[in-house]
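Atoms within each ligand, like the ligands themselves, are counted from 1 in listed order. Residue numbers start at 1 and run along the sequence shown.
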Amino acid sequence: MTRTGAVLRIPRLSKRMNEGLEASYDVLDLPDEGRDAFLAEHADRVVAIACTGNGLVDADLVAALPRLQVVVNHGVGYENVDVDACLAHGVLVSHTPGVLDDAVAETTLGLLIATRRRFVEADSFVRAGRWSQEGFPLTGQVAGSRVGILGLGRIGRRFAALVDAMGCEVAYHNRREVPGVPYRYAASATELAAGVDNLVVIVPGGASTAALVDREVLDALGPDGVLVNVARGSVVDEPALVAALQDGRLGAAGLDVFATEPHVPEELRALPNVVLLPHVASATVPTRNAMADLTLDNLALWWSTGRLRTPVPEMADEV
Ligand code: NAP
Ligand code: 8YV
């Protein structure tokens with residue numbers, strides 16, 4: 001199949017992605033300013049979009065691109081893409097499931113241990129020369145603890161296997177019980193939080209999970225509880241989280257994601273009982289290479305056959 005047209009990049013991507021796109025396609029960059037003038041000049045050339053989490057593909061953009069046929073998203077989460085608008089315009093969407101599970105699961109475990117064992121504080125304690133005057137306080141422990149997983153999907157299951165191997169008692173909540181897993185099912189996020197020491201959040205973002213972890217869930221987790229969020233900032237009610245940490249109603253939190261990245265509220269940054277990461281759960285060289293390659297594979301396959309290797313689940317019947 002011979003296709004003509006340009007690929008719209010939103011925003012500029014990794015070196016590997018940019019080089020892969022530029023080697024094979026006519027690439028345009030959506031500007032932050034002067035969008036209307038850009039679209040007036042180029043809209044009818046664009047047949048594909050290559051984007052990532054902070055590249056918004058909303059209904060207005062989809063409607064403004066009359067020849068758009070495919071969106072390839074670099075990332076497994078795709079709430080940045082309005083899938084309903086794409087479906088309505090016959091536009092296909094792909095994402096990058098599976099290739100990042102190990103990296104995200106190991107980040108989740110690392111963040112949980114760093115938070116529960118206060119490793120970042122302990123590092124500052126040594127650097128400040130305090131060790132010669134006093135010992136660092138004893139902490140809680142992850143091994144053998146009760147771990148709740150909100151979102152037992154691809155990544156959640158990989159993480160469950162890691163903490164299972166550490167002798168943890170694993171429970172989870174999804175909207176549907178997963179058949180055949182050896183972990184206890186909880187009927188709600190609150191019920192899950194009430195029965196564990198550590199709550200790990202790894203559901204998709206978007207409207208359906210917005211503030212799923214609210215004050216009630218945080219209070220159920222309680223003053224000795226640790227929350228780890230590697231999902232999306234939108235899944236946790238951030239002001240409620242800050243208040244719970246400040247009031248001592250929640251023990252500690254390890255966060256890779258925030259409500260309005262890269263902004264992290266000053267109140268969170270001022271707290272000693274948090275470990276904060278800049279959305280790096282998948283950010284290893286091999287994993288980011290695999291994500292870039294899968295994204296480029298989807299585009300190349302669509303370009304030559306009209307099909308996708310890893311369509312988003314809403315489109316599984318379309319390709
Ligand atoms: P997945 O395989 O689709 O798993 C998602 C799980 O969440 C499913 O088990 C699903 O079960 C559950 N779920 C969905 N909506 C729910 C709700 N409203 N309440 C309770 N459970 C719900 O996805 P994945 O590949 O594991 O990735 C999960 C998410 O992790 C991504 O969408 C992305 O947002 C995030 N992520 C973050 C990073 C990072 O860098 N921090 C990296 C990769 C992924 P049910 O459908 O039965 O509810
Ligand atoms: C990336 C992610 O940070 O895959 C996801 O959903 O959040 C991360 O792997 C993001 O896609 C930016 O590349």
Side-chain angles (χ1 to χ4, degrees), residues 9-18 50-57 72-81 83 93-111 148-161 171-179 181 183 185-193 199-214 217 228-236 254-258 261-262 276-284 286-295 310-314 316:
R9 182 166 51 188
I10 321 174
R12 280 188 68 79
L13 302 161
S14 65
K15 184 169 182 286
R16 193 177 181 100
M17 275 294 300
N18 290 333
C51 60
T52 191
N54 57 348
L56 193 65
V57 181
V72 293
N73 186 59
H74 176 276
V76 65
Y78 53 91
E79 72 287 346
N80 54 309
V81 180
V83 172
V93 182
S94 72
H95 66 148
T96 61
V99 294
L100 40 61
D101 299 351
D102 284 329
V104 179
E106 80 174 21
T107 304
T108 310
L109 179 61
L111 190 50
I149 302 175
L150 184 55
L152 192 74
R154 286 173 292 256
I155 299 167
R157 287 176 79 149
R158 201 64 62 91
F159 169 74
Y172 73 100
H173 170 67
N174 283 2
R175 289 165 300 182
R176 286 168 293 271
E177 197 166 345
V178 181
V181 296
Y183 314 124
Y185 179 70
S188 69
T190 306
E191 184 186 311
L192 179 66
L199 179 66
V200 166
V201 186
I202 189 63
V203 291
S208 66
T209 56
L212 185 60
V213 177
D214 58 9
V217 175
V228 169
N229 185 12
V230 293
R232 287 291 184 263
S234 58
V235 182
V236 176
L255 307 171
D256 183 49
V257 288
F258 302 88
E261 295 172 12
L276 307 173
L277 301 181
H279 199 147
V280 291
S282 70
T284 68
T287 292
R288 284 293 169 85
N289 283 351
M291 290 167 67
D293 292 349
L294 182 54
T295 309
T310 47
V312 298
E314 294 90 330

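Residue contacts with ligand 1 do not include P97, since none of its heavy atoms lies under 4.0 Å from the ligand.
Heavy-atom proximity to R232, at under 4.0 Å, picks out these atoms of ligand 2: 2 (C), 5 (C), 6 (O), 7 (O). For ligand 2, the atoms lying closer than 4.0 Å to a non-hydrogen atom of G75 are 4 (O), 5 (C), 11 (O). Residue contact check: H279 has heavy atoms under 4.0 Å from atoms 39 (C), 40 (O), 41 (N) of ligand 1. Applying the 4.0 Å criterion to heavy atoms of L100 picks out, from ligand 2, the atoms 4 (O), 9 (O).
Contact annotation: the side chain of L100 approaches that of I155 to within less than 4.5 Å [non-hydrogen atoms, C-beta and beyond]. With a 4.5 Å cut-off on side-chain heavy atoms, R176 and Y185 do not count as touching.
Contacts between V203 and ligand 1, counted as non-hydrogen atom pairs separated by less than 4.0 Å, involve both the backbone and the side chain. Using a 4.0 Å cut-off between heavy atoms, R176 contacts ligand 1 through both its backbone and its side chain.
For atom 3 (O) of ligand 2, the nearest non-hydrogen atom from the set M17, R288, E79, E261 comes from R288.
Partners of H95 according to the ring-ring contact (aromatic ring centres under 6.0 Å, His included) rule, which considers only residues two or more places apart in sequence or in another chain, are Y78.
The protein non-hydrogen atom at the shortest distance from atom 9 (O) of ligand 2 is S282 OG, 2.7 Å. Looking from atom 4 (O) of ligand 2 to the surrounding protein, the closest heavy atom is V76 N, 2.8 Å. Closest to atom 11 (O) of ligand 2, if we only count protein heavy atoms, is H74 O, 3.1 Å. The closest protein non-hydrogen atom to atom 10 (C) of ligand 2 is T52 OG1, 4.0 Å.
Below 3.5 Å of separation, one finds no N or O of G151 facing any N or O of ligand 1.
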